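Because the structure is a prediction, the values reported are computed rather than measured. In what follows, chains carry the letters A, B, and so on, assigned in the order in which the sequence lines appear, proteins first and then strands, with residues in each chain numbered from 1.
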2 protein chains.
Amino acid sequence: MATIRDVANRAQVSTATVSAVVNDSAYVSPELRTRVLAAINDLNYAPSQAARSLKRGRSQLIALVVADLANPFFARLVWAAEAAVAAWGYSLVLFNSDEKPENERRILARIRALSCDGIILVPVDVVTAQPQRDSEGEQIPTVLFGRTVEGQKTDTITIDNISAARQVTNYLMDLGHVRIGTITGPLHLTTGRGRLDGMLEAMRARGLEPAPNHVRAGEFREDTAYSVARELLTQAEPPTALYVANGVMALGVMRALADLGLKCPDDISIASTDTIPGIGGLRPRLTRTEHPVIDMTNEALRLLVDRINRGTSVDARNVVFQPSLVVGESCAPLRNLGK
Amino acid sequence: MATIRDVANRAQVSTATVSAVVNDSAYVSPELRTRVLAAINDLNYAPSQAARSLKRGRSQLIALVVADLANPFFARLVWAAEAAVAAWGYSLVLFNSDEKPENERRILARIRALSCDGIILVPVDVVTAQPQRDSEGEQIPTVLFGRTVEGQKTDTITIDNISAARQVTNYLMDLGHVRIGTITGPLHLTTGRGRLDGMLEAMRARGLEPAPNHVRAGEFREDTAYSVARELLTQAEPPTALYVANGVMALGVMRALADLGLKCPDDISIASTDTIPGIGGLRPRLTRTEHPVIDMTNEALRLLVDRINRGTSVDARNVVFQPSLVVGESCAPLRNLGK
DNA sequence: AAACACCAGCTAACCGTTTTGCTAGCATTC
DNA sequence: GAATGCTAGCAAAACGGTTAGCTGGTGTTT
């Protein structure tokens, strides 16, 4: 394609003038401006982003690193982030760490090489505690999304996991349930840990405690939750209600129920924190918390762009969003206590 | 960060030697190589992709443009593409045209500016018929995914939509259904058109024809399908079976059924082409065709990388994948013809 | 021993922008 | 009319790599 020099030649001006027109960075007389614009149009010129990045040290690229692209929660984040990034005039480079620290390391190196202007990161590992530095040794502006890492000094966007779990658990207890089980996420993640803690806290506040064999790890995965749920529900004294820590796992649990011939909510009540898009279309409607992913994403980008423009002059900000309980038909009052 | 010159100074060699070591592009004696590697390590050096792109004219970026990121089908494509792109040593830049031609135009201009090495495009508009040219005026290697545009000379990866629709329709007719309705996608898309054509073809082959008011446009959207389904099923003589053209719409239809108090498959049989991930976990299991998205994506990348390396020397290739029918429990044999 | 081939490693040009001086032309002031 | 200030537009130097072409030292051939 045409270069800035081709345009300059055709318009009989210098490359500096063309640049000034393209970037609106200096006054150019109307006459020259017209000539330049005509030449740009004739030659179908578009500035090379590579040359620009090299000179300016900014790439107009924002990296999004998610922990599990197969999870609809993150798919939704990707969707929202693409829109927000485009709205701010950047382009989105997408990476999937697949919950593996070594992938995360590789990806962060690649992001540095691409000199991305900012990073939205769903962290997998504490590795991230060593923030990424760019070509000037500056830290690349980063927003941690959804999860946090201890002792982090970067901006973060999170959901109040404890509150989410507490809301759901209280709802179940309000229905009279006492034998409540749970399928948790990985406990080394704040999302996994917080949701379990919130549940325990809520139960203890009413003098209850889940039976040890009613608390199982589901890894935030559909298939794991499926088998764990089967196991959990076929034991001698199964729980009468189940709190599932995320949307994907809730789907797995529903599948397990169907395969076991259990009716929800007649045989067991199910409620979850987090949901997956589209799940609202199926019956019984799941009682769950909804997390404002779109708002969270927009806020993440606002913080990120602000940090890109203002550098490290401003302190790390931690924005916590509140989940809201959405009541469906997947929970019923406890009737026959003994069962 | 450190530049190649810093590394050269520290290792007491020229930048050319550093480059040779980094790219393995020329023989360097073991001694110098060691010194260079040590310096790279000490300075935490990583080559600037911007400078590289500028000089080489290649950016190691592959653009993926999907028509609707909110659609789980495309979310799955994104997931598969990220993995495939990374495996080939590229990074993925993601765009969402949201089914709008003007977005598509803007995006393609941006892709050109970024000098992406290749494009995987789910086309929205015939605009794409004018292939994108790069900085040398060469066409940017492009693979059209899922849909095609008439008279296209680029590589394409598609699914056999006619066959998919035919399989599903035949299945419904084999169960005895005659009054079969359909909710179609947009008919200007090959995916929409082909799936309707396949259905009509299959029915006509048995001397049948759907009633005009049993054929409705659902725009491939959940909400549209929901309202169209409500309308379709509450009319005087509703169909006894419904063929839904994609997975998202099937979800909408299921929701409409639930709200209308209709039982599937007792009151009506539902089948679709295409599915959405996770839908398999819910009851009744949907009878549908499955489309090999992962294989399709991998093949798309194989074609794309091949074209990046070999240029226009090789003719356009059109790879058509075959869908397979997966039978669930959402369809029942026709019992009471009159209803 | 001269002629030559070979090759490791270097010098420097180049990729396409942006941006910092600088220049030259005009208007204003005394 | 000389001195000054202003400003539109230009020339040229970066930015950080890659690579063609060169150099000089060694080994081989005659």
*Asks:* State whether B/Ser29 places a side-chain N or O below 4.0 Å from either non-bridging phosphate oxygen (OP1 or OP2) of C/dG9.
*Replies:*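 Yes, such a contact exists.
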*Asks:* Within the 4.0 Å heavy-atom criterion, would you say A/Ser48 contacts the bases, only the backbone, or no part of the nucleic acid?
*Replies:*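 Sugar-phosphate: the residue A/Ser48, judged by heavy atoms under 4.0 Å, touches backbone atoms but no base.
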*Asks:* The side chain of A/Ile4 lies closest to which of these nucleotides: C/dA8, D/dT18, C/dT18?
*Replies:*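 Closest of the options to the side chain of A/Ile4: C/dT18.
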*Asks:* Heavy-atom distance under 4.5 Å between the side chains of A/Leu77 and A/Thr297, does that happen here?
*Replies:*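 When only atoms from C-beta onward are counted, A/Thr297 and A/Leu77 do touch, with a gap below 4.5 Å.
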*Asks:* Rounded to whole angstrom units, what separation is found between the CZ atom of A/Arg56 and the P atom of C/dT17?
*Replies:*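 Going from CZ in A/Arg56 over to P in C/dT17 covers 11 Å.
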*Asks:* So B/Val13, base contact, sugar-phosphate only, or nothing? Heavy-atom distance under 4.0 Å.
*Replies:*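 The answer is sugar-phosphate, as B/Val13 gets under 4.0 Å only of primed atoms, P, OP1 or OP2.
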*Asks:* Does the side chain of A/Leu304 reach to within under 4.5 Å of the side chain of A/Ile62, using non-hydrogen atoms?
*Replies:*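 Yes, close enough: below the 4.5 Å cut-off.
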*Asks:* What is the distance from atom CZ of A/Arg52 to atom CD1 of A/Ile4, rounded to the nearest 0.5 Å?
*Replies:*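 Separation between the atoms: 8.5 Å.
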*Asks:* Which nucleotide sits closest to the side chain of A/Ala16: D/dA11, C/dG16, D/dG16?
*Replies:*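 Out of D/dA11, C/dG16, D/dG16, the nucleotide with an atom closest to A/Ala16's side chain is D/dA11.
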*Asks:* Determine the contact category for A/Ser53: base if any of its heavy atoms lies under 4.0 Å from a base atom, sugar-phosphate if only primed atoms, P, OP1 or OP2 are that close, otherwise nothing.
*Replies:*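 No contact at all - A/Ser53 keeps every heavy atom at 4.0 Å or more from the nucleic acid.
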*Asks:* D/dC6, OP1 or OP2 - any side-chain N/O from A/Tyr27 closer than 4.0 Å?
*Replies:*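 No, no such contact exists.
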*Asks:* Would you indicate which nucleotide in C/dC10, D/dT18, C/dG9 comes nearest to any side-chain atom of B/Ser14?
*Replies:*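 Within the option list, the nearest is C/dC10.
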*Asks:* How close or far is atom P of C/dT11 from atom CD of B/Gln12, stated in whole angstroms?
*Replies:*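 After rounding, the reported distance stands at 12 Å.
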*Asks:* Should B/Arg52 be listed as having a side-chain N or O under 4.0 Å from OP1 or OP2 of D/dG17?
*Replies:*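 For D/dG17, OP1/OP2 do not have a side-chain N/O of B/Arg52 under 4.0 Å.
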*Asks:* Using whole Å, what does the distance between atom C1' of nucleotide D/dT19 and atom CG of B/Asp24 come to?
*Replies:*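 Between C1' of D/dT19 and CG of B/Asp24: 16 Å.
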*Asks:* What I want to find out is whether B/Arg35 reaches B/Glu31 closely enough, with some N-O distance under 4.0 Å, to be called a salt bridge.
*Replies:*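 Yes, B/Arg35 and B/Glu31 are salt-bridged.
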*Asks:* Within the structure shown, what part of the strands sits under 4.0 Å from B/Ser19 by heavy-atom distance: base, sugar-phosphate, or nothing?
*Replies:*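 If one applies the 4.0 Å heavy-atom cut-off, B/Ser19 turns out to touch a base.
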*Asks:* In this structure, how many angstroms lie between the P atom of D/dG16 and the CG atom of B/Asp6, rounded?
*Replies:*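 Result: 8 Å.
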*Asks:* Both B/Lys55 and B/Thr17 contact DNA chain C. Taking the nearest nucleotide for each, which residue is further toward the 5' end?
*Replies:*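 Nearest nucleotide further toward 5': that of B/Thr17.
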*Asks:* Would the base of D/dG17 count as contacting B/Arg5 through its side chain, where contact means a donor and an acceptor less than 3.5 Å apart?
*Replies:*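 Pair found.
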